[in-house]
Amino acid sequence: LKRLQVDYVDSLIIHNPPTAYLDGNKNNHYEILERLMEEGKIKAYGASLDTYEDMKLLMNTTNAKVIEAFFNILHQDASRAFALALEKQVGIIAKIPLDSGWLSGKYNAESTFNDIRRRWSRQDIKTRAHLVNRIKELVHEKDNLAHKAISFCLAYDAVSTVIPGNVNIDQLTSNVNSINNPISRELVEKLEDFYLNEVKKLKLPW
């Protein structure tokens, strides 16, 4: 708080903790977080999580009020926890909404990567490229794919906001403009069916 020069932070989010650390009935660090709330140093706490099971465990055993969830068109498992999040008034921050850049539409089967994305094999890249082409068919290729991907996340009442990466002001401005391009309920359902029928069984690596 001293470094930030603020009296409190709105959300304290534990980043990708092991599942064993999520159960509030078995971990006393949540008592510390509750005390920080009582002292007014934080307004809410939660965690950055990747799966429905982890989200459910955290919400059912703690007073967490914010979850940063791995959620996008190609990774929809987290949506199974959205009803519970609404019931418990937990805000959802959708992380990786552009699937590490794939849902910007700028990569293809021949793309190569020199950063953390080097973890993908050639087959992983070909698979992702095929899936992105299928998504372009569903949303109409002439449309801005990044806008559609962000708007897909925002189409859910449980999702409070999304956090796409931005490397420059133009990209930031474009991503923010996604709120002016909502997608229809019909397209949301098409993309949900696409995930269930074509993507889920592939168990795509992050």
Side-chain angles (χ1 to χ4, degrees), residues 11-27 30 33 44-103 119-120 124 127-128 130-132 134-135 137-139 145-165 178-179 182-206:
S11 300
L12 189 152
I13 299 174
I14 306 169
H15 186 70
N16 283 54
T19 299
Y21 290 8
L22 299 177
D23 192 333
N25 297 322
K26 299 178 180 179
N27 291 282
Y30 295 104
L33 295 174
Y45 64 82
S48 176
L49 305 173
D50 294 343
T51 68
Y52 160 70
E53 293 295 341
D54 280 354
M55 294 170 70
K56 183 175 68 170
L57 178 60
L58 182 72
M59 287 190 284
N60 281 334
T61 63
T62 75
N63 190 37
K65 290 301 178 186
V66 59
I67 291 178
E68 190 178 296
F70 183 19
F71 180 65
N72 61 50
I73 294 172
L74 293 174
H75 293 86
Q76 298 183 32
D77 182 63
S79 66
R80 294 194 288 146
F82 287 178
L84 182 61
L86 286 171
E87 177 189 330
K88 292 184 173 291
Q89 298 183 306
V90 174
I92 300 292
I93 300 171
K95 64 176 178 176
I96 322 179
L98 300 181
D99 199 52
S100 299
W102 277 103
L103 295 176
R119 64 185 180 274
W120 293 322
D124 290 337
T127 298
R128 274 244 186 14
H130 167 72
L131 293 173
V132 170
R134 285 284 295 119
I135 293 169
E137 293 171 5
L138 293 170
V139 305
L145 183 58
H147 283 179
K148 295 299 184 184
I150 293 171
S151 294
F152 171 79
C153 297
L154 292 171
Y156 294 82
D157 292 339
V159 175
S160 300
T161 189
V162 299
I163 48 171
S178 299
I179 63 174
I183 63 177
S184 66
R185 186 65 223 168
E186 179 185 9
L187 180 53
V188 170
E189 291 174 356
K190 282 184 179 179
L191 292 170
E192 289 174 339
D193 288 342
F194 163 71
Y195 171 76
L196 290 173
N197 296 321
E198 300 182 44
V199 182
K200 185 177 181 180
K201 62 188 175 184
L202 299 176
K203 296 182 178 179
L204 291 178
W206 176 74

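Here the side chains of Phe194 and Leu74 are in contact, with some heavy-atom distance below 4.5 Å. Here the side chains of Ile73 and Val199 are not in contact, with every heavy-atom distance at 4.5 Å or above. Under the 4.5 Å side-chain criterion, counting only non-hydrogen atoms from C-beta, Arg119 is not in contact with Pro205. Leu103 places none of its side-chain heavy atoms less than 4.5 Å from the side chain of Lys148.
Within a 6.0 Å sphere centred on CD of Glu189, heavy atoms belonging to other residues, nucleotides or ligands number more than 12. Heavy-atom neighbours of Asp124 CG from other residues, nucleotides or ligands within 6.0 Å: above the threshold of 12. Within 6.0 Å of NZ on Lys65 lie more than 12 heavy atoms contributed by other residues, nucleotides or ligands.
Each of Ile135, Val132, Asn72, Leu131 was scored for a side-chain contact (heavy atoms from CB on, under 4.5 Å) with Asp99, with one residue passing: Asn72. Of the residues listed (Val159, Val162, Asp157), the one engaging Ile92 in a side-chain contact (heavy atoms from CB on, under 4.5 Å) is Val159, and it is the only one.
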Q: Applying side-chain contact (heavy atoms from CB on, under 4.5 Å), run through Asp54 and Phe70 and close with a yes or a no.
A: CA-CA 11 Å; Asp54 280 354; Phe70 183 19; over 6 Å; no
Q: Could you check Ile93 against Ile13 for side-chain contact (heavy atoms from CB on, under 4.5 Å), going step by step and ending with a plain yes or no?
A: CA-CA 11 Å; Ile93 300 171; Ile13 299 174; 4.0 Å; yes
Q: With side-chain contact (heavy atoms from CB on, under 4.5 Å) as the test, would you mind laying out the steps for Thr51 and Thr19 before giving the verdict?
A: CA-CA 10 Å; Thr51 68; Thr19 299; over 6 Å; no
Q. Does the side-chain contact (heavy atoms from CB on, under 4.5 Å) test come out yes or no for Met59 and Ile67, once each step is laid out?
A. CA-CA 9 Å; Met59 287 190 284; Ile67 291 178; 3.7 Å; yes
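Of the possible polar contacts, one joining the Gln76 side chain to the Leu191 backbone as a donor-acceptor pair under 3.5 Å is found. Looking only at distances, a side-chain donor or acceptor of Thr61 sits under 3.5 Å from a matching main-chain atom of Gly24. With hydrogens and angles disregarded, no donor-acceptor distance shorter than 3.5 Å links the side chain of Tyr45 to the backbone of Ile14. Remark: side-chain polar atoms of Glu198 are not paired, donor with acceptor, to backbone N or O of Tyr195 under 3.5 angstrom. Under the 3.5 Å distance criterion, the side-chain polar atoms of Ser151 are matched with a main-chain donor or acceptor of Ser178.
A salt bridge between Asp77 and Lys200 is absent, with no side-chain N of the basic residue lying under 4.0 Å from a carboxylate O of the acidic one.
Summarising the geometry, atom OG belonging to Ser79 is positioned 8.5 Å from atom CE belonging to Met55; distances are rounded to the nearest 0.5 Å. In this structure, the separation between NZ on Lys190 and CZ on Phe152 is 14.0 Å, given to the nearest 0.5 Å. Here the straight-line distance linking atom CZ of Phe82 with atom OH of Tyr52 works out to 12.5 Å at 0.5 Å rounding. The distance from the CD1 atom of Ile96 to the CD atom of Glu68 is 8.5 Å, given to the nearest 0.5 Å. Here the CG atom belonging to Leu49 is positioned 5.5 Å from the CG atom belonging to Leu22, to the nearest 0.5 angstrom. How far CG of Leu58 is from CD of Glu53: 13.0 Å, rounded to the nearest 0.5 Å.
A perpendicular orientation is assigned to the rings of Tyr156 and Phe71, their planes being inclined by more than 60° (bins at 30° and 60°).
In this structure, Pro164 and Ile150 approach most closely via the heavy-atom pair CG-CD1, 4.0 Å. Residues Ala64 and Val90 share a closest heavy-atom pair of O-CG2, 3.4 Å. Across all non-hydrogen atoms, the minimal contact from Pro97 to Cys153 is CB-SG, 3.9 Å.
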